[in-house]
Amino acid sequence: MAFSFLLWAQTILFLLQFLNLSPDSPSSFCAADLQENEDAISSCDSDNFKEENEINTISNIVTEPLQRVEWSSLGPQFAAEVAEKDVPVIITGSDYTKNSHASSWNLDSLKAKIPGQMLENVKRYPSVPNYMFPSDMPMSKDLDMMKGYQPHFSRHNISADAFFQYCLGEQPSESHDWLQTTQDSAPVLSYAGNLFVWPELNRDVFVKPLVPLREVPEEPIEVRTYVWIAQKGVVTPTHYDYFQNFYHQIKGKKHFLLLPPSTYPDLNLYPAIHPAHRSAQTHVNMKSHKSDNKPQNQIKAMEGILEPGDLLFIPALWFHQVSAYNFSISANVWSEYEPVKKYQTALNDIRLPYNAEYAASEQEFFFDDEFCASKVQLIRAYIMMVLVEFTHTWADNENSSRELLVKDFVFAQLFQRRYAAIGKSLVKTEKAEHANIVLNMPKDALPSHPDWPRFCHDNVEFSQSLQLDNGFALHLMQSTISDVQEVFRNILDLAGKDRLHILLLDWIENIIESAFGARFVVQFIHDFGSC
């Protein structure tokens, strides 16, 4: 026991020295074709979203047309050739789209291929209250965090027959309250389906030519093929995907607005633990941007209209907003993006710097003050030590200390841009006197109590309360940090600094959530940068 405590004490002293802290210093927490189609573009904000989201709308976008490339100018490995340039492009006159059986899809043929099947998660526009939050996202279980969020669509299940009948303007064969129309308006529907469950349709899509590889990989890569069916006026809000994307327009027209990864600070992404993860909180008004405007602090974007037979390449982590000008059918092939695959695989294999049995538990932090202080200090130092290596990627002038640059980066990009419009009301800005002020409260009352303490404490002595794996020592902490830094160095080398920042910020959120629970992520981030 004495030896174990000595190792733990050495580790804490190392972390404190690195952060230039002393054991008596404050700890954290405890306790032109475009113009004529403009009228077809619809806004994708809901009234609730506008009221709660203070980030509002981007109006300083300057766009240029998406580049169009003739199929005849590309080589036999056209997918790899296009993807290596890492810029969106529309391929026209493609033999691929001409020869693909999917090119002949229409509502009648789709209806014949999948009769009597059930379509899950059909989207209805505008939203109705019974929206289904993704249950696997930690924040979706927190009603206080979710009460200000109302997406512009809601999700429903409906038979394929009834869905196609509705899209064809016929009376659906089944009745749903959410499908009722009024004299002034009618719901608009869209469906995105994984073709893995529809083999009759999957056989029509030639997948292999759209996987951007020069040679057969040593290990299999994940490939997903989807069908997209949308009525006129459907808008997919600005978001990014982790995959390389080849998008085949089959029927109708769609407008695409694409923004590079470097625009992530302007888009104010939803938190990594939010049901709308990977989407922008900031609304990109598709009617507000004009190529001939010259606003200050310009945000450069690309836009174009996808017509039947066109093939669009969207690089991984490029933001895109999509609008259906008329009834539309599309198919796409997503394939793994190597830097993201390495990132996800490596971080799944790297242990956290504490025993898994001491993962998130809202009560334990406040019923054991020393345990809380030790763990918070550990996680805070862990994040700091990983990030200090990358300050040069966001700071042009590193006159400030690297620790201060990290704190400013986390506070600005996570608290101010991701969380301020969502969880600001839950953040305490005045430090509570001590965690013990809530010890006698019922456990189920703790999260919303006005005296809930911040992540700041004075004169906390570290103890062996935090039970760590046998043999945990300074070299193990250093090794863990080194492994994580190597993962992010690979991201920087392969994908650039902007994709690095997006994934690095996601990692920080997930580390905090795994240690303390979703409720306390916003308070930890706030206090990390302000205490």
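Computation of the quantities below employed the complete heavy-atom set of this structure, encompassing side-chain atoms and omitting hydrogens, waters and symmetry-equivalent molecules.
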Undergrad: Between the side chain of His274 and the main-chain N/O of Ala276, is any donor-acceptor distance below 3.5 Å?
TA: yes

Undergrad: Give a yes-or-no answer on whether the side chains of Ser335 and Glu222 include a donor-acceptor pair shorter than 3.5 Å.
TA: no

Undergrad: Does Arg124 reach the main-chain N or O of Pro126 with its side chain, forming a donor-acceptor pair under 3.5 Å?
TA: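 A pair under 3.5 Å: yes.
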
Undergrad: What I want to find out is whether Lys113 reaches Asp204 closely enough, with some N-O distance under 4.0 Å, to be called a salt bridge.
TA: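 Between Asp204 and Lys113 there is a salt bridge, with a charged N closer than 4.0 Å to a carboxylate O.
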
Undergrad: Should the ring pair Tyr240 and His277 be called parallel, tilted or perpendicular, given that the plane angle runs from 0 to 90° and is split at 30 and 60?
TA: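 Aromatic pair Tyr240/His277 classed perpendicular.
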
Undergrad: Ion pair present between Arg418 and Asp506, side-chain N to carboxylate O less than 4.0 angstrom?
TA: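 Yes, charged N to carboxylate O under 4.0 Å.
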
Undergrad: Hydrogens and angles aside, do Ser159 and Gln117 bring a side-chain donor and acceptor to less than 3.5 Å of each other?
TA: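 Per modelled atom types, Ser159 and Gln117 side chains form no pair under 3.5 Å.
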
Undergrad: Hey, are Tyr242 and Lys341 close enough side-chain-wise for a donor-acceptor pair under 3.5 Å?
TA: no

Undergrad: So, do Gln413 and Tyr264 sit near enough that their side-chain heavy atoms are less than 4.5 Å apart?
TA: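 Answer yes - side chains close enough.
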
Undergrad: Do NZ/NE/NH1/NH2 and the carboxylate oxygens of Glu486 and Arg489 come within less than 4.0 Å?
TA: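 Looking at Arg489 together with Glu486, the answer is yes, because their closest N to O distance falls below 4.0 Å.
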
Undergrad: Tell me whether Asp161 is salt-bridged to Lys111, with the criterion being a basic N under 4.0 Å from an acidic carboxylate O.
TA: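 Not counted as a salt bridge, because no side-chain N and carboxylate O are separated by less than 4.0 Å.
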
Undergrad: Using the ring-ring contact (aromatic ring centres under 6.0 Å, His included) rule, pick out the option among Phe415, Phe520, Tyr419 that qualifies with His526.
TA: Phe415

Undergrad: Give a yes-or-no answer on whether the side chains of Gln231 and Ser190 include a donor-acceptor pair shorter than 3.5 Å.
TA: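 On atom types as modelled, these side chains do not qualify, holding no pair under 3.5 Å.
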
